[in-house]
Visitor: 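What follows is a structure written as structure tokens; I'll ask about it next.
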Amino acid sequence: MTDALHPRLASLLAQLDQGAPTNIGYPVARDVDYRPLAPFLGYLLNNIGDPRVDPTFPAHVKDLEREVVSFFAQLFGAGPERYGYVTSGGSESTLYALSVARDLHPTGIVYHSRAAHYSVTKAADLLGLPRVPIAVTGDDEMDYGDLYRHAEAYRGRPAIVVASVGTTMTEAADNVKRIREALDLAGVRDIYLHSDAALSGIPLALNHRTGPAFDLTAGADSVAISGHKFLGTPIACGVVVGSHLPGGRDPVAYLGSPDNTISGSRSGLAALMLWHAITTQGYAGMRSRAAHARALAAETVVRLRAAGWSARRAKHAMTVVIDPLPEALRQRWPLPIAGGRSHVITMPGVQRSSIDALLSDLAAHGARPVEILCR
Ligand SMILES: *Cc1c(COP(=O)(O)O)cnc(C)c1O
């Protein structure tokens, strides 16, 4: 196949292959093989409009999309009255959830932690919703005391809260039950709560007994995940599921369906890929991938500390928070740096040999011993 490629693209492909082992700073799984779906690249699959109504355009896979939505609705504890669809990613999911919240509570105020993904600010601003950033603890979880203080000051206004479930730098998860408690205590009556669980939604839901509370059974009104993170779909996508129906728009005659989604044409290929992922893995497969990723993260913390590099990890996280690498290593290891911290994410498919290579580069660049902390 590569023979047929333009030389520019062939070299791009080689570059991607070469960069893969050191590309471990972003939450992208790479162990799910989507190549069996290649024959579908010969078609445009367009799931335009409402997922519940088949469009006139015949090349769609809304039946598969509905199965994907059902799978996640069940995983996140949604009841029979629920709505959801396959989005273009976490950002669209947040925009959708906040637009539903605004329909229900036009005078609402958006509360989100300072560690929330930047898309939350963007969505609130696009919708013209006022927002109040809430302080975080040292590990980036929302400070519920600070939420209480702010919510009390505006207790006559509805609260639209975005819980970050897997923050960008540390993978901390806000606790929906504690958010509800803080709002109740503050005397806020009208509440909409969205769990932005782009990275951690699937692995935490599969770990239900012990993981933080974030889903619909814990009191969230909607939950969203990204498809290209834990499931590693090769195109950006996401799923949003909520317990409120969107403010019903009129059917569009030309489509043969109403459109309550944010975008118009939607990627049927994304729905197909998600369907492929959940069908080939099931709960058991996903759970074991998550366990494996966490084990590699735990081991990476120990090995980095032993090598004299500071490292820590939130319980249940695949993210290992570290001091920024020495300048000389940053080109080869493109790890994000924010707020004086960096991280490695041992997503499913990250090889142990990548960690070996990072450790040996650190040793060669004089990692200095730090105190080994007991946890
Ligand atoms: C990745 C991420 C997003 C954004 O998702 P996109 O698919 O990139 O739009 C939003 N929130 C959280 C918590 C994320 O981890």
Visitor: Is any side-chain N of the basic residue among R313 and E171 closer than 4.0 Å to the acidic one's carboxylate O?
Guide: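 Result for this pair is no, no salt bridge flagged.
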Visitor: Could you state whether V69 and W275 fall into the same hydrophobic cluster, counting links through intermediate Ile, Leu, Val, Met, Phe, Trp or Tyr residues with side-chain heavy atoms under 4.5 angstrom apart?
Guide: no
Visitor: Is any NZ, NE, NH1 or NH2 atom of the basic residue among D356 and R303 found under 4.0 Å from an Asp or Glu carboxylate oxygen of the other?
Guide: yes
Visitor: T94 side chain to G90 main-chain N or O, any donor-acceptor pair under 3.5 Å?
Guide: yes
Visitor: Would a 4.5 Å heavy-atom cut-off, applied to side chains only, mark I225 and F72 as touching?
Guide: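 The answer is yes; the side chains approach within 4.5 Å.
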Visitor: So, for A78 and V241, which heavy atoms are closest and what is the spacing to 0.1 Å?
Guide: CB-CG1, 4.2 Å
Visitor: Please step through salt bridge (Lys or Arg N to Asp or Glu O under 4.0 Å) for the pair D190 and R155, ending with a clear verdict.
Guide: CA-CA 9 Å; D190 295 325; R155 66 177 174 277; over 6 Å; no
Visitor: To the closest 0.5 Å, what do you measure between CG (D146) and CZ (R114)?
Guide: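 If we round to the nearest 0.5 Å, D146:CG and R114:CZ are 8.0 Å apart.
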Visitor: Has S342 got a side-chain atom pairing as donor or acceptor with P336's backbone, closer than 3.5 angstrom?
Guide: yes
Visitor: Run the side chain to side chain donor-acceptor pair (under 3.5 Å) check on Y148 and D184 step by step: do they pass?
Guide: CA-CA 9 Å; Y148 164 78; D184 286 345; over 6 Å; no
Visitor: Any side-chain heavy atom of Y192 sitting closer than 4.5 Å to one from V100?
Guide: yes
Visitor: Let me check something: do L204 and L206 share a hydrophobic cluster, defined by ILVMFWY side-chain heavy atoms less than 4.5 Å apart, either directly or through other members?
Guide: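 In one cluster with L204: L206, yes.
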Visitor: Kindly give the heavy-atom pair with the smallest separation between A311 and I322, and that separation in Å.
Guide: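 Residues A311 and I322, closest heavy atoms: CB-CG2, 4.0 Å.
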Visitor: Atom CG of D196 and atom CG of D174: how far apart are they, to the nearest 0.5 Å?
Guide: 9.5 Å
Visitor: Taking atom CZ as the centre, does R30 end up with more than 12 heavy-atom neighbours from other residues, nucleotides or ligands that are less than 6.0 angstrom away?
Guide: yes
Visitor: Flag the pair D139 and R312 as a salt bridge only when some basic side-chain nitrogen lies within less than 4.0 angstrom of an acidic carboxylate oxygen.
Guide: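 Yes.
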Visitor: Around atom CZ of R330, are there more than 12 heavy atoms from other residues, nucleotides or ligands closer than 6.0 Å?
Guide: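 Yes - once you tally the heavy atoms of other residues, nucleotides and ligands closer than 6.0 Å, there are more than 12.
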Visitor: Tell me the closest heavy-atom pair linking S91 and H117, and the distance in Å.
Guide: OG-CE1, 4.4 Å
Visitor: Counting neighbours of OH on Y43 that are heavy atoms of other residues, nucleotides or ligands and sit closer than 6.0 Å, is the number greater than 12?
Guide: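 No - once you tally the heavy atoms of other residues, nucleotides and ligands closer than 6.0 Å, there are 12 at most.
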Visitor: Quick one: does H228's side chain have a donor or acceptor within less than 3.5 Å of a partner on C237's backbone?
Guide: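 Answer holds: yes.
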Visitor: Using side-chain hydrogen bond (donor to acceptor under 3.5 Å, both in side chains) as the criterion, point out the one residue from S243, S222, S70 that pairs with R82.
Guide: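 The option that passes is S70.
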Visitor: Answer yes or no: is there a side-chain heavy-atom contact under 4.5 Å between L75 and M286?
Guide: no
Visitor: Do H276 and Y34 have their ring centres less than 6.0 Å from each other?
Guide: yes
Visitor: Under a 4.0 Å threshold between the charged nitrogen and the carboxylate oxygen, would D143 count as salt-bridged to R178?
Guide: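 Answer for the salt bridge query: no.
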Visitor: For the atom pair CG (D17) and CG (L12), what is the distance rounded to the nearest 0.5 Å?
Guide: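 If we round to the nearest 0.5 Å, D17:CG and L12:CG are 9.5 Å apart.
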Visitor: With a 4.0 Å cut-off on N to O distance, would you call K122 and D125 a salt bridge?
Guide: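 Result for this pair is no, no salt bridge flagged.
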Visitor: To the nearest 0.5 Å, how far apart are OG in S265 and CD1 in I48?
Guide: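 So the OG of S265 and the CD1 of I48 are separated by 4.0 Å.
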Visitor: Does any non-hydrogen side-chain atom of F76 lie less than 4.5 Å from one of S195?
Guide: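 No, their side chains stay 4.5 Å or more apart.
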Visitor: Looking only at non-hydrogen atoms, find the nearest pair between R289 and A29 and report the distance.
Guide: NH2-CB, 3.5 Å
Visitor: Got a donor-acceptor contact below 3.5 angstrom from the D221 side chain to the L193 backbone?
Guide: yes
Visitor: Taking the side chain as every heavy atom from C-beta outward, state whether R341 and T170 have any pair of such atoms under 4.5 Å apart.
Guide: yes
Visitor: Side chain of T346, backbone of A293: donor and acceptor closer than 3.5 Å?
Guide: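 At least one qualifying donor-acceptor pair exists.
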Visitor: Would a 4.5 Å heavy-atom cut-off, applied to side chains only, mark Y111 and I179 as touching?
Guide: no
Visitor: For R294 and H316, test the side chains for any donor-to-acceptor distance below 3.5 angstrom and give the result as yes or no.
Guide: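 The criterion, which ignores hydrogens and geometry beyond distance, is not satisfied for H316 and R294.
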Visitor: Using atom types as modelled and distance alone, determine if a side-chain donor or acceptor of H60 lies under 3.5 Å from a backbone N or O of L45.
Guide: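 It does not hold such a pair.
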Visitor: Within this structure, what is the CD1-CD1 distance for the pair I109 and I160, rounded to the nearest 0.5 Å?
Guide: 9.0 Å
Visitor: For the CH2 atom on W333, are there more than 12 heavy atoms of other groups (residues, nucleotides or ligands in this structure) within a distance under 6.0 Å?
Guide: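 Check passes, neighbour count above 12.
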Visitor: When you measure from the side chain of R189 to the backbone N and O of P158, does any donor-acceptor pair fall under 3.5 Å?
Guide: no
Visitor: Going hydrophobic residue to hydrophobic residue with side-chain gaps under 4.5 angstrom, can you get from V61 over to F40?
Guide: yes
Visitor: Do NZ/NE/NH1/NH2 and the carboxylate oxygens of R305 and D323 come within less than 4.0 Å?
Guide: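 Here R305 does not pair with D323 in a salt bridge, since their nearest N and O are not under 4.0 Å apart.
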Visitor: Distance under 6.0 Å and angle within 45° of the ring axis: does R266 meet both against Y85?
Guide: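 So R266 doesn't make the cation-pi contact.
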Visitor: About how many Å separate CD of E92 and OG of S99, when rounded to the nearest 0.5 Å?
Guide: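 Reported value, rounded in 0.5 Å steps: 9.5 Å.
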Visitor: Please check if the number of heavy atoms outside H244 that lie under 6.0 Å from its NE2 is greater than 12.
Guide: yes
Visitor: Counting distance only, does the side-chain N/O of Y26 pair as donor-acceptor with the main-chain N or O of P334 below 3.5 Å?
Guide: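 Pair absent, no side-chain N/O of Y26 close to backbone of P334.
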Visitor: Measure across G49 and T261 and return the closest heavy-atom pair with its distance rounded to 0.1 Å.
Guide: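 Closest approach of G49 to T261, heavy atoms only: O-CG2, 3.8 Å.
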Visitor: If only atom types and distance count, is the side chain of S226 paired as donor or acceptor with the main-chain N or O of K229 below 3.5 Å?
Guide: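 A pair under 3.5 Å: no.
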Visitor: Do the side chains of R332 and D361 get close enough for a salt bridge, i.e. N-O under 4.0 angstrom?
Guide: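 Salt bridge present between R332 and D361.
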Visitor: Tell me the closest heavy-atom pair linking Y96 and N260, and the distance in Å.
Guide: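 Smallest heavy-atom distance, with atoms named: CE1-O, 3.6 Å.
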Visitor: Assess whether atom CD of Q74 is packed by more than 12 heavy atoms of other residues, nucleotides or ligands within 6.0 Å.
Guide: no
Visitor: Is any side-chain heavy atom of K62 closer than 4.5 Å to a side-chain heavy atom of P55?
Guide: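 The answer is yes; the side chains approach within 4.5 Å.
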Visitor: Tell me, do L325 and L362 make a side-chain contact under 4.5 Å, heavy atoms counted?
Guide: yes
Visitor: Do side-chain atoms of Q351 reach the backbone of P21 as a donor and acceptor pair under 3.5 angstrom?
Guide: no
